[in-house]
2 protein chains.
Amino acid sequence: MTEEQAMKYLQDTLFVVGGKWKLPILRAIHSGNYRFRDIQRSVPLITTRVLSKELKHLEENKLVIRTVYHSPLAVEYKVSDYTLSLLPVIKEMILWGKNHREKIREK
Amino acid sequence: MTEEQAMKYLQDTLFVVGGKWKLPILRAIHSGNYRFRDIQRSVPLITTRVLSKELKHLEENKLVIRTVYHSPLAVEYKVSDYTLSLLPVIKEMILWGKNHREKIREK
DNA sequence: GATACCAATATCCTAAAGGATACCAAACGG
DNA sequence: CCGTTTGGTATCCTTTAGGATATTGGTATC
């Protein structure tokens, strides 16, 4: 793998999980909020417009599965099994972020 | 660690290494380009304005060290030892991004 | 002494991300 | 039926990221 390719993959990952809302949304769904309004309520301050867009993005990237049920009518969002593959990345990012806070507070 | 804290750390990490240029700049410096113009040349299409801003951001986050030499006058940028702590994050992101490309190409 | 290189900074501009608010049709609950 | 909830979409606006271009003050080169 050339460094350029590596950079491309890096940017891809940032594109898929980056931004303000994608990971909080995944967390909300993962912890049991399957309905649009429930997700919205569990991701404080997000607007319907942004939530709608982000859910589409996550669905296009196969991280979220959208299912429509009839009688009773309902739309359900679930995280896919594929989302599990993100765990190592997320874990490392959390660890680094935590350590970084301490590092920055140092004088 | 609560989930909210974890989310905060995640956002911190994204803030420090996210965006279009920070990781390409780190890579450029790491592979031997220490001078402003050299870095600019090795990160294609970046403008001086953006490079200058990003270098400051990286310096504030202790990933890059800026040294000024007199006689001959020169400014040198180096990646810090601390930057090494980013390697696991970067590695996971590259791996995931590579795998994701294949996943998305699947029908 | 003109020219060119260096590390930037200053202005101005465009594009993308995100936010506020209103609205909609379908279904549900009393 | 009437109000409410649901899963959104439509407009419009603000903020942030990033880009284009010119300029600066110092040094080195010719």
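In this text, all values refer to a predicted model and were calculated from it rather than measured experimentally. Proteins come first, then strands; the chains are lettered A, B, ... in the order of their sequence lines, and each starts at number 1.
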Q: Evaluate the criterion side-chain contact (heavy atoms from CB on, under 4.5 Å) for residue pair B:Met1 and A:Ile94; output intermediate values, then yes/no.
A: CA-CA 10 Å; B:Met1 195 192 304; A:Ile94 292 170; 3.7 Å; yes

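- Base contact: B:Arg49 has a heavy atom under 4.0 Å from a base atom.
- In the set D:dG8, D:dA20, C:dC6, the nucleotide with an atom closest to the side chain of B:Arg37 is C:dC6.
- The strand DNA chain D forms stems, runs of 3 or more Watson-Crick or G-U wobble pairs with distances below 3.5 Å, at C:1-30 with D:1-30.
- Look at NE2 on B:His70: it is 14 Å from P on C:dA7, rounded to the nearest Å.
- Residue-to-nucleotide proximity on DNA chain C shows that, of B:Tyr34 and A:Gly18, the 5′-proximal contact is made by B:Tyr34.
- Following rounding to the nearest Å, B:Lys56 (NZ) and D:dA17 (C1') show an atom-to-atom distance of 16 Å.
- A straight line from CG of B:Leu73 to P of C:dA4 spans 21 Å, rounded to a whole angstrom.
- Taking the side chain of B:Arg41 as heavy atoms from C-beta on, and the options C:dA8, C:dC6, D:dG8, the nearest nucleotide is C:dC6.
- If you measure from atom CG of A:Leu45 to atom P of C:dG18, you get 14 Å, rounded to the nearest angstrom.
- Heavy-atom neighbours of B:Glu4 CD from other residues, nucleotides or ligands within 6.0 Å: at or below the threshold of 12.
- Contact annotation: B:Trp21 reaches the phosphate of D:dG19 (side-chain N/O to OP1 or OP2, under 4.0 Å).
- Checked by distance alone, B:Thr48 brings a side-chain donor or acceptor within 3.5 Å of a matching partner on the base of C:dT9.
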Q.
Walk me through whether A:His100 and B:Tyr82 qualify under side-chain hydrogen bond (donor to acceptor under 3.5 Å, both in side chains).
A. CA-CA 10 Å; A:His100 187 60; B:Tyr82 177 50; 2.5 Å; yes

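- For the pair A:Gln11 (side chain) and A:Lys8 (backbone), a donor-acceptor distance under 3.5 Å is absent.
- Minimum atom distance to the side chain of A:Arg35 is reached by D:dT6, of the listed C:dG18, D:dT6, D:dG19.
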Q: Test ring pair (Phe, Tyr, Trp, His ring centres under 6.0 Å) on A:His57 and A:Phe15 and set out the steps.
A: CA-CA 10 Å; A:His57 172 102; A:Phe15 178 70; 5.2 Å; yes

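- Between B:Tyr77 and C:dA8, a side-chain N or O to OP1/OP2 separation shorter than 4.0 Å is present.
- Contact annotation for B:Lys53: no contact, since no heavy-atom pair falls under 4.0 Å across all strands.
- What separates CZ of B:Phe36 from P of C:dC6 is a distance of 12 Å, to the nearest Å.
- Rounding to the nearest 0.5 angstrom, the gap separating the OG atom in A:Ser42 from the CG atom in A:Asn33 is 4.0 Å.
- In this structure, CD1 of B:Ile46 is placed 13 Å from P of C:dA8, rounded to the nearest angstrom.
- At a threshold of 4.0 angstrom between heavy atoms, the contacts of B:Lys22 with the nucleic acid are absent.
- Between the side chain of A:Ser52 and the base of D:dT9, no donor-acceptor pair under 3.5 Å is found.
- Across C:dT9, C:dA8, D:dG8, the shortest atom-to-atom separation from the side chain of A:Val75 is found for D:dG8.
- Here the OG1 atom belonging to B:Thr83 is positioned 4.5 Å from the CG atom belonging to B:Leu63, to the nearest 0.5 angstrom.
- Regarding A:Glu59, its CD atom lies at a distance of 13 Å from the C1' atom of D:dG8, rounded to whole Å.
- Between the side chain of A:Ser31 and the main chain of A:Arg27, a donor-acceptor pair closer than 3.5 Å is present.
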